[in-house]
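Note that the coordinates shown come from a computational prediction; the quantities given were computed from them, not determined experimentally.
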Amino acid sequence: MTKASEFREMSDDHLAMTLKETTGNLFHLRLQAQTERLDAPSELRKQRRSIARIQTIQNERAAKREAEKQESANA
């Protein structure tokens, strides 16, 4: 599992690619869980939390860009 600090060091493009990969992994883990072939059920939680961390960082960056845009518009 990747830490939030490691996600913060990634570029926006790399972060989006990681989100796509993690979402795909979560899908496959859910399929395995439904067919009772999942080895480690804790992996579902880890993938969901990674997705949440990535989305949080993306939202923070978007909010920061909006704030900078508002500041430049007001100046």
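Here Met17 sits alone; no ILVMFWY side chain lies under 4.5 Å from its own, so it joins no hydrophobic cluster. The hydrophobic cluster around Ile57 extends to Phe7, Met10, Leu15, Leu19, Leu26, Leu29, Leu38, Leu44, Ile51, Ile54, counting ILVMFWY residues whose side-chain heavy atoms fall within less than 4.5 Å of a member.
The side-chain hydrogen bond (donor to acceptor under 3.5 Å, both in side chains) search around Arg8 returns Glu60, not counting sequence neighbours. Evaluation of the side-chain contact (heavy atoms from CB on, under 4.5 Å) rule for Ser5 yields Lys3 as partners, not counting sequence neighbours.
Residue pairs satisfying the side-chain hydrogen bond (donor to acceptor under 3.5 Å, both in side chains) criterion with at least one member in residues 21-44, sequence neighbours excluded, are absent. Within the structure, every pair that satisfies the side-chain hydrogen bond (donor to acceptor under 3.5 Å, both in side chains) test and touches residues 62-75, not counting sequence neighbours, is listed here: Asp12-Arg65.
Interatomic distance, Gln58 CD to Thr56 OG1, rounded to the nearest 0.5 Å: 9.5 Å.
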